[in-house]
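Just below is one structure, and these are the notes that go with it.
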Amino acid sequence: GHSGEVRILGIPSMRELMRIPVFNIDSATGWGLTDESKQIKGDSADILCGDAHHPHMSMTDGHYDGKYVFINDKLNTRVARIRCDVMKTDKMLTIPNVQAIHGLRVQKVPHTKYVFCNAEFRIPQPNDGRDLYDPSKYFTMFNVVDAESMEMAFQVIVDGNLDNTDADYTGRFAASTCYNSEEGVTLADSMRNERDWLVVYDIFACEKAVKAGKFTTIGNSKVPVLDGRKKANSKFTKYIPVPKSPHGINTSPDGEYFVANGKLSPTVTVIAINKLADLFDGKIKERDTVVAEPELGLGPLHTAFDGRGNAYTTLFIDSQICKWNVKDAISAYNGKKVNYIKQKLDVHYQPGHNHTTMGETRDADGKYLVSLCKFSKDRFLNTGPLKPENDQLIDISGDEMKLVHDGPTYAEPHDCMIVHRSMVKPNKLWTRDDPIFESTRKQAKKDGITLERDNKVIRDGKKVRVYMTSVAPSFGMTDFKVKQGDEVTVIITNLDQVEDVTHGFALNQHGVSMEIGPQQ
Ligand code: RUQ
């Protein structure tokens, strides 16, 4: 959330194990301050804050593969990648031609070739001021990022505002919830319609068009742009009407359903993914893909699954988790008298995202559910006007949901993903040839320096590079001298082979501080 970082917690202890700075700056590690972190941040190196929303891990055949975690910065329209072998951010991209990346999910099958990123706000195109007061010229886009290169693959123009997104288990379809079908520019204007849409994308059709060169571009950007608006009547998109300003969209782990969460409607809409091919072929109508629309309570935002056919939806206004059975909801939609709601559990308060253990993969194991509650008032000792959030752990392994832990957290865990520890195997030490330090190695080579050995000051006009080794608690150099006005770069090679013996470097009165891990 607003802290701009990612945190790693253990389950079921809910103890915080580590923080990974991403869009924030971090005093402990020097993230955002060091040269290599600025290089990774690239064109947004000078942006020091962010609103991190949706962390999601790369997958192979619908299983987590432990390689990357992707996360968006809604505030500054960025997407970053965390490398799970070192648990550090290694790529960052500002998405062009759009504003406010919100929903983010990965392609699940056959592997995460793409990261799907919704841009939420409609803006003038091009956004150079000429159409500032002409909302008919505004639009937003669905953005597809190449997961390996972290460059744009293509963009799809859509109607309305995009909220959240998810992908299916065939690799062909992704879907975004979409509000403001009114295309209004004020809050009231954007809430008039009783139904907005789930926009479904045919990723294969998009790829084909891009390959064939059948796309346009915007302004100076070279990114392929496809027109998926309703009036374009393209092969790229279908707009399924769903009530009302839908928010979360979640794929069931059996691959059968998309569940769109109504937000301003007490319902969620269940869409059969195996009917989407017929929809794109024109054999059925949009609403024919809907197989259930259960009424759950006030403010349904996000739904999680236990792999046993049950779904768990956060009710933002009711401050509850609603457990319901998907097959029963389908029976009820077909006119049978069944009670699809199994239990409602109070949570504390205003839950946004929830996630089950492994629940966004084929491996949903139905053990735990985490509810990220946005309010915690009356629950913990008062900490002043700003209170912590409350991350609640719920045991869902039995017939009844049981709240087992309350965890105050700092502003504000927005979303999470829960992965079994067997699927993540980080390194214990850095490796010498890590790509993050490629440019440092290149510079050292130019300077005739062997990083593992040399302690030397290289003067290059006003630019001074100080190379030194370190084995905590000592540095390879006890002192070095530079002149006022020099631009000084300090490059430290930590020679320690011992796990966890990290070293640091700081320079007082200069705002310089960094962490150097073993073998970094
Ligand atoms: S989406 S809970 Cu980033 Cu729900 Cu806000």
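FYI, side chains are in, hydrogens and waters are out, and symmetry mates aren't considered; it's all heavy atoms of this structure. Indexing begins at 1, ligand by ligand and atom by atom, following the structure's order.
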Worksheet item: Which atoms of the protein, restricted to N, O or S, are nearer than 2.8 Å to atom 4 (Cu) of ligand 1?
Response: His247 NE2, His302 NE2

Worksheet item: Can Arg229 be said to sit on top of Phe139's aromatic six-ring, NZ or CZ under 6.0 Å from centre and within 45° of the ring axis?
Response: yes

Please confirm whether the backbone N or O of [Y] pairs with a side-chain atom of [X], one donor and one acceptor, at under 3.5 Å?
X: Asp306; Y: Asn310; result: yes
X: Thr112; Y: Met59; result: yes
X: Asp395; Y: Ser397; result: yes

Item to complete: Would you mind naming the N, O or S atom of His54 nearest to atom 3 (Cu) of ligand 1?
Response: NE2

Worksheet, complete the sentence: Near His102 (heavy-atom distance under 4.0 Å), the atoms of ligand 1 are 1 (S), 3 (Cu)

Worksheet item: Above 12 or not: heavy atoms from other molecules or residues under 6.0 Å from CG of Asp399?
Response: no

Practice prompt. Classify the ring geometry between His247 and His102 as parallel (under 30°), tilted (30 to 60°) or perpendicular (over 60°).
Written response: tilted

Practice prompt. Measure Lys374 to ligand 1 on non-hydrogen atoms and call it side chain, backbone, both or neither using the 4.0 Å cut-off.
Written response: side chain

Practice prompt. Flag the pair Arg81 and Asp90 as a salt bridge only when some basic side-chain nitrogen lies within less than 4.0 angstrom of an acidic carboxylate oxygen.
Written response: yes

